[in-house]
Chemist: 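If you scroll down you'll find the structure; I have some questions about it.
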Number of protein chains: 2
Amino acid sequence: MAPRNPVNHACPIRDVLDRVGDAWSVLVLSELAKGPCRFNALLRVVNGISQRMLSVTLRTLERDGMVSRRVLPLAPPQVEYALTDLGQSLFASLSALKDWATAHQPSVRAARSSYDARMAQPSAAA
Amino acid sequence: MAPRNPVNHACPIRDVLDRVGDAWSVLVLSELAKGPCRFNALLRVVNGISQRMLSVTLRTLERDGMVSRRVLPLAPPQVEYALTDLGQSLFASLSALKDWATAHQPSVRAARSSYDARMAQPSAAA
DNA sequence: TGTATCAAGTTACGAATGGTAACCAGATAC
DNA sequence: GTATCTGGTTACCATTCGTAACTTGATACA
């Protein structure tokens, strides 16, 4: 989300992953991909997110131009968040990764179980 | 890298981003994509990584089946890391995201500057 | 025989980040 | 005047990140 170390300066993919790699951004993006949504509606629909995390995530996405924020002059005021074109294009590009993940999730799980089993055996420990 | 909260259980893309979203995994993957490499060689070539972070990153990648670890029976023993087929396919799928990042980095930077400028002006503050 | 070095890590510990729970503000409804 | 709705913020704790120092086992050098 924030730059973690000086390595990021010239690496575009780290620049992206720093803001997509956190737990919530993708979940929020994919909700907003369905259409504009208000703060509390997102809070209800993004399973497990807290107010603070939603607030932080939305502000980061807004800062990076992925999400627009519009205050509706009502009482109590309502705030509508929506994907920008940039956000939509990012979300589209994530689909390749999502496809990979869906296809290979069983392999990853299997590898992990196998590794854990190997490491659990003292006989095989290095 | 590790599951961050219970939300991950059934979401494949979070499952992937949890292990690709950290600062180092992609850098290590992309080095290994060039060919097998030993620990200290990676340490030198992955700019800014520490021994601990390289160790942790490699172990996670190995556990998830992205990287293989081979101990060469020499003195002192050398350890060669290489991408597995699974790791190679992941790396390939990352390319779409990398292309997006490269193409849109200017837009993101511009959005960020614009946001920061707006927020720096007390007159425009909410 | 003792010292230095190299590989590939691990351990200990302080700093930064992530996450939860509680609180806040303004307005309206009862 | 109390409760409720909105959209947050603050304080605080737990986890994770990152750095620096140490470890192990073997070999080379003197």
Side-chain angles (χ1 to χ4, degrees), chain A residues 1-8 14 17-28 31-32 36-63 67-82 119 125-126, chain B residues 1-8 14 17-28 31-32 36-63 67-82 119 125-126:
Chain A
M1 230 140 171
R4 302 177 197 228
N5 65 50
V7 175
N8 302 340
R14 276 254 47 82
L17 287 172
D18 274 347
R19 76 209 63 254
V20 150
D22 70 294
W24 301 114
S25 293
V26 172
L27 295 177
V28 171
E31 274 310 318
L32 290 178
C37 199
R38 293 192 293 117
F39 187 89
N40 278 339
L42 284 171
L43 199 58
R44 280 188 293 274
V45 82
V46 177
N47 197 339
I49 199 170
S50 67
Q51 284 190 317
R52 185 180 105 91
M53 282 299 108
L54 181 55
S55 178
V56 168
T57 301
L58 283 170
R59 206 178 320 291
T60 304
L61 290 173
E62 188 198 354
R63 184 168 108 97
V67 157
S68 65
R69 179 180 188 272
R70 196 160 62 98
V71 180
L72 306 178
L74 304 172
Q78 302 184 346
V79 182
E80 191 180 79
Y81 291 92
M119 290 309 157
Chain B
M1 229 138 171
R4 301 175 197 229
N5 65 49
V7 175
N8 302 341
R14 276 254 45 81
L17 286 171
D18 275 346
R19 75 210 62 254
V20 149
D22 70 293
W24 302 115
S25 292
V26 172
L27 294 176
V28 171
E31 275 309 319
L32 290 178
C37 198
R38 293 193 293 118
F39 188 89
N40 278 340
L42 283 171
L43 199 58
R44 279 188 294 275
V45 82
V46 177
N47 199 338
I49 199 170
S50 67
Q51 283 190 318
R52 185 180 105 91
M53 282 300 108
L54 181 55
S55 178
V56 168
T57 301
L58 284 171
R59 206 177 321 290
T60 304
L61 290 173
E62 188 198 354
R63 183 169 109 97
V67 157
S68 66
R69 179 180 187 273
R70 197 160 62 98
V71 180
L72 308 177
L74 304 172
Q78 300 185 346
V79 181
E80 190 181 79
Y81 292 93
M119 290 308 158

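So you know, we letter chains A, B, ... as the sequences are listed, proteins then strands, and number each from 1.
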Chemist: Please name all residues satisfying salt bridge (Lys or Arg N to Asp or Glu O under 4.0 Å) with B:Arg70, sequence neighbours left out, ordered by chain then number.
Modeler: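 Only B:Glu80 meet the salt bridge (Lys or Arg N to Asp or Glu O under 4.0 Å) criterion with B:Arg70.
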
Chemist: Answer yes or no: is there a side-chain heavy-atom contact under 4.5 Å between A:Leu27 and A:Ile49?
Modeler: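 Of all side-chain heavy-atom pairs linking A:Ile49 with A:Leu27, none is under 4.5 Å.
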
Chemist: Taking the minimum atom-to-atom distance to the side chain of A:Asn40, which one of D:dG18, C:dG19, D:dT6 wins?
Modeler: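 Of the candidates, D:dT6 comes closest.
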
Chemist: Does the protein touch nucleotides 10-15 of chain C at the base, only the backbone, or not at all? Give it as B, S and - per nucleotide, heavy atoms under 4.0 Å.
Modeler: BBB---

Chemist: Within this structure, what is the CZ-to-P distance between A:Arg38 and D:dT6, rounded to whole angstrom?
Modeler: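 Whole-Å distance recorded here is 7 Å.
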
Chemist: To the nearest angstrom, how far is A:Met53 atom CE from D:dG7 atom P?
Modeler: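 Computing the A:Met53:CE to D:dG7:P distance gives 18 Å.
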
Chemist: Between B:Tyr81 and C:dA7, does any side-chain N or O lie under 4.0 Å from OP1 or OP2?
Modeler: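 Answer is no, no contact under 4.0 Å.
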
Chemist: If you define the side chain from C-beta out and look only at heavy atoms, does anything of B:Asp22 sit under 4.5 Å from B:Thr60?
Modeler: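 B:Asp22 does not reach B:Thr60 side chain to side chain.
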
Chemist: Starting from C1' on C:dT20, measure out to CG on A:Leu54 and report it in whole angstrom.
Modeler: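 Taking CG of A:Leu54 and C1' of C:dT20, I get 15 Å after rounding.
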
Chemist: Could you measure the distance from the CG atom of A:Leu54 to the CG atom of A:Leu42? Nearest 0.5 Å is fine.
Modeler: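 Result: 5.5 Å between the selected atoms.
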
Chemist: Within this structure, what is the CD1-to-P distance between B:Ile49 and C:dG9, rounded to whole angstrom?
Modeler: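 To the nearest whole Å, that distance equals 13 Å.
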
Chemist: Does a nitrogen or oxygen in the side chain of B:Trp24 sit under 4.0 Å from OP1 or OP2 of D:dC17?
Modeler: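 For D:dC17, OP1/OP2 do not have a side-chain N/O of B:Trp24 under 4.0 Å.
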
Chemist: How long is the gap from CD on B:Glu62 to OG on B:Ser68, to the nearest 0.5 Å?
Modeler: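 Nearest 0.5 Å value for the CD-OG distance: 8.0 Å.
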
Chemist: For the CZ atom of B:Phe39 and the CZ atom of B:Arg44, what is their distance to the nearest 0.5 Å?
Modeler: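 The CZ atom of B:Arg44 is 11.0 Å from CZ of B:Phe39, to the nearest 0.5 Å.
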
Chemist: Rounded to whole angstrom units, what separation is found between the CG atom of A:Leu43 and the C1' atom of D:dC5?
Modeler: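 Atom CG in A:Leu43 sits about 13 Å away from atom C1' in D:dC5.
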
Chemist: Give the rounded distance in Å between these two atoms: CG of B:Asp22 and C1' of C:dT17.
Modeler: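 Going from B:Asp22 (CG) to C:dT17 (C1'), I get 14 Å.
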
Chemist: Once you round to the nearest 0.5 Å, how far does CG of B:Asn40 lie from CD of B:Gln51?
Modeler: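 If we round to the nearest 0.5 Å, B:Asn40:CG and B:Gln51:CD are 6.5 Å apart.
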
Chemist: Is any side-chain heavy atom of B:Val28 closer than 4.5 Å to one of B:Val67?
Modeler: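 B:Val67 vs B:Val28: side chains apart.
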
Chemist: How long is the straight-line distance from CH2 of B:Trp24 back to CG of B:Leu58, given to the nearest 0.5 Å?
Modeler: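 If I round to the nearest 0.5 Å, the distance is 12.5 Å.
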
Chemist: Between atom CG in A:Leu58 and atom C1' in D:dG7, what is the gap in whole Å?
Modeler: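 Those two atoms, CG and C1', are 11 Å apart.
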
Chemist: So which nucleotide from D:dT19, C:dG18, D:dG7 ends up closest to the side chain of B:Ser50?
Modeler: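 That would be D:dT19.
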
Chemist: In whole angstrom, what separates B:Leu27's CG from D:dC17's P?
Modeler: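 One finds 14 Å between P of D:dC17 and CG of B:Leu27, rounded.
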
Chemist: So, using salt bridge (Lys or Arg N to Asp or Glu O under 4.0 Å) as the criterion, who are the partners of A:Glu31 when residues are at least two apart?
Modeler: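 Expected list: A:Lys34.
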
Chemist: Would you say D:dG8 has OP1 or OP2 under 4.0 Å from some side-chain N or O of A:Arg69?
Modeler: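 The answer is yes; a side-chain N or O of A:Arg69 sits under 4.0 Å from OP1 or OP2.
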
Chemist: Rounded to the nearest 0.5 Å, how far apart are OG1 of B:Thr57 and OH of B:Tyr81?
Modeler: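 Here the rounded value is 11.0 Å.
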
Chemist: Report for the helix from C:dT1-D:dA30 to C:dC30-D:dG1: angle between first-end and last-end helix axes, five pairs each, rounded to 10 degrees.
Modeler: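 Its terminal axes enclose an angle near 30°.
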
Chemist: Please list, chain by chain and in numerical order, all residues satisfying side-chain hydrogen bond (donor to acceptor under 3.5 Å, both in side chains) with A:Ser55, sequence neighbours excluded.
Modeler: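 side-chain hydrogen bond (donor to acceptor under 3.5 Å, both in side chains) list for A:Ser55, sorted by chain: A:Arg59.
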
Chemist: Produce a footprint string for nucleotides 25-30 of chain C: one letter per nucleotide, 5' end first; B if the base is under 4.0 Å from any protein heavy atom, S if only the sugar-phosphate is, - if neither.
Modeler: -BSS--

